[in-house]
Amino acid sequence: EDQVTQSPEALRLQEGESSSLNCSYTVSGLRGLFWYRQDPGKGPEFLFTLYSAGEEKEKERLKATLTKKESFLHITAPKPEDSATYLCAVGETSYDKVIFGPGTSLSVIP
Amino acid sequence: SAVISQKPSRDICQRGTSLTIQCQVDSQVTMMFWYRQQPGQSLTLIATANQGSEATYESGFVIDKFPISRPNLTFSTLTVSNMSPEDSSIYLCSVGTGVLRGYNEQFFGPGTRLTVL
């Protein structure tokens with residue numbers, strides 16, 4: 001059964017304290033792995049799509065990496081405005097939908 | 001990218017009534033999705049609505065309860081029928097774009113916050 005888990009459930013960082021969020025997945029054939037940011041009361045905001053193991057993508061303080069079993073979202077020198085819930089989702093090759101993980105709630109303290 | 005709007009942004013409804021949520025996209029897209037997000041939870045797919053075909057519902061969701069229309073490539077509606085307090089949630093419209101099977105990227109609307117009394 002296709003499955004997506006994320007850890008930690010919640011993360012509290014001091015401003016400037018770098019860390020990583022984990023997304024572990026089980027899928028028969030990976031079509032793509034997606035990262036989103038969601039602010040309270042808003043819809044998810046698309047960040048990255050990763051397609052194959054070894055691929056990396058960067059956007060400002062965020063860097064996403066992918067292996068055959070997991071993805072990491074690295075946050076370098078975070079700022080309070082990076083506080084949000086980060087969602088991971090995977091798409092399988094045989095269907096159009098994606099499966100979302102439970103998310104990691106990130107708080108960056110000034 | 002795609003810009004998505006939803007109406008209404010929020011509503012408070014009485015038990016037993018129905019609410020229709022509208023989703024408008026600023027470009028033509030084939031694939032549209034409707035999600036539900038309960039407080040503090042992740043996203044649960046309700047159905048996939050591709051233009052020109054019947055909506056495909058996920059396990060636990062039925063057409064009688066959540067009828068969907070997809071009249072063209074930029075618009076869709078989701079109706080929440082015969083509502084109960086358990087239907088209180090955020091409902092999100094989403095579109096998939098790209099050229100690979102399925103899509104490369106998925107964009108979301110701002111959501112409709114529904115409270116059922």
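Proteins get letters first, then strands, A, B, ... in listed order; numbering begins at 1 in each.
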Membership question, hydrophobic clusters at under 4.5 Å side-chain separation (ILVMFWY): are [Y] and [X] in the same one?
X	Y	value
A/Val90	A/Leu73	yes
B/Phe75	B/Leu73	no
B/Tyr57	B/Val62	no
B/Phe108	B/Met32	yes
A/Leu30	A/Val4	yes

Comparing A/Ala89, A/Pro44, A/Gly41 against chain B, the one with the most heavy-atom pairs below 4.5 Å turns out to be A/Pro44

Max heavy-atom pair count under 4.5 Å with chain A, selected residue of B/Glu58, B/Gln6, B/Arg113, B/Arg10 | B/Glu58

Might you confirm whether atom [atom1] of [X] has over 12 heavy atoms from other residues, nucleotides or ligands at distances under 6.0 Å?
X	atom1	value
A/Lys57	NZ	yes
A/Glu9	CD	no
A/Lys42	NZ	no
B/Glu54	CD	no

Residue-level interface, residues 20-27 of chain B with chain A, non-hydrogen cut-off under 4.5 Å | none

Under the ring-ring contact (aromatic ring centres under 6.0 Å, His included) test, which residues partner B/Tyr91, sequence neighbours left out?
-> none

Looking at every non-hydrogen atom in both residues, tell me the closest pair between [X] and [Y] and how far apart they are.
X	Y	value
B/Gln106	A/Tyr36	CB-OH, 3.0 Å
B/Ser42	A/Leu87	OG-CD2, 3.8 Å
B/Tyr35	A/Val98	OH-CG2, 3.6 Å

Which bit of B/Ile90 comes within less than 4.5 Å of chain A, counting heavy atoms only: side chain, backbone, both or neither?
-> neither

Atom pair CD/CZ of B/Gln37 and A/Phe100 - distance to nearest 0.5 Å | 9.0 Å

Side chain from CB out, backbone as N, CA, C, O: work out which of these in A/Gln38 comes under 4.5 Å of a heavy atom of chain B, or both, or neither.
-> side chain

